[in-house]
Amino acid sequence: MSSGRRESAEEKQFLEKYRPKDYARPSVAVDLVIFTIIDAQLRVLLVKRQEHPFKGEWALPGGFVRVGESAKDQGEDLDTAARRELQEETGLEPERVHIEQLYTFGRSGRDPRMRVIAVTYFALVRPDLAPFVKAGGDASHAQWLPVEALKKAELAFDHREIIETGLARVRGKLEYSGIAFDLVPLTFTIPELRHVYSIVLDREMDPGNFRRKFNRMLDDGLIEQAPGKRITASKPATVYRFKRR
DNA sequence: CCCGTTCAATAGTGTGCGGT
DNA sequence: ACCGCACACTATTGAACGGG
């Protein structure tokens, strides 16, 4: 990826003498915290490590960013690497999944091999797509771990900390944005959306108050009514969907 | 036994009030 | 401004009941 700008003669001279080895070059990785809801539980995708270090332990999907070999070839962008990993690990098309950058983890010693700076992303997979996830093509090497079981789980590297950070981010964003949209099927009822909030935030939501919150989202134009009614055990509930962005 | 009515339980919907 | 709580109202289901 070239900058395309024009260099002055002086700058050109500097670049010719520039030796990358004179500067620190830590490795850069992207790691993904991929959430979904299965069986009324918020879960995160883990893959079993095939190689040392932490061989055989559960870890977040991710990998090294392709950084290229020269000034001309500087490799792929961070977001590109994240989307590539997402597709490789889940088989899901990146366009169908909400993904955004989470945080940068760069603590010295977090990887026993060398200095690795991990740029992390979190993704939200709609529950209706989650069953199709085949991590690396091998189900025995992937699992959707309920975040509730996080405390007891053994995880490679600092991945527990990364997941906790992702969890806090998702919970925070749920409060002020429409991010829950990516955790419900395309159409949903108000109680269904309320259940998603309850699951992610791990506390019951008052039906009346949630309705007011929901009405605010309606007023903001985030949501619109969808055709039909959802038949439930009780009276049929109105069906809604999120407006296309 | 079949059919219709009644009634309690459940759940979606909506509002008022008071507290922070 | 938003939240927790209480409460009212409504639509539907299914069990119970009772008459033909």
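Letters A, B, ... are given to chains in the order of the sequence lines, protein chains preceding strands, and every chain is numbered from 1.
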Value in whole Å for how far the [atom2] atom of [N] lies from [atom1] of [X]:
X	N	atom1	atom2	answer
A/Ile190	B/dA11	CD1	C1'	13 Å
A/Met205	B/dA11	CE	P	19 Å
A/Leu218	B/dG14	CG	C1'	14 Å
A/Leu193	B/dG12	CG	C1'	15 Å
A/Phe210	B/dT15	CZ	P	17 Å
A/Asn215	B/dT13	CG	P	10 Å
A/Asn209	B/dG16	CG	P	14 Å
A/Arg194	C/dG4	CZ	P	13 Å

Ignoring hydrogens and angles, are the base of [N] and the side chain of [X] linked by a donor-acceptor pair under 3.5 Å?
X	N	result
A/Arg212	C/dG4	yes
A/Arg203	C/dG4	no
A/Asp206	C/dG4	no

Does OP1 or OP2 of [N] have a side-chain N or O of [X] closer than 4.0 Å?
X	N	value
A/Thr238	B/dG12	no
A/Lys213	C/dC3	yes
A/Arg216	C/dC3	yes

Hey, are [Y] and [X] close enough side-chain-wise for a donor-acceptor pair under 3.5 Å?
X	Y	answer
A/Tyr240	A/Gln225	no
A/Arg212	A/Asn215	no
A/His98	A/Glu100	yes

Task: Atom of A/Val65, atom of A/Ala81 and distance for their closest heavy-atom approach - done: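 Minimum heavy-atom separation between A/Val65 and A/Ala81: CG2-CB, 4.1 Å.
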Open item on the list: Any heavy-atom pair between the side chains of A/Pro191 and A/Phe210 that's under 4.5 Å?
Closed with: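 No; the side chains remain at least 4.5 Å from each other.
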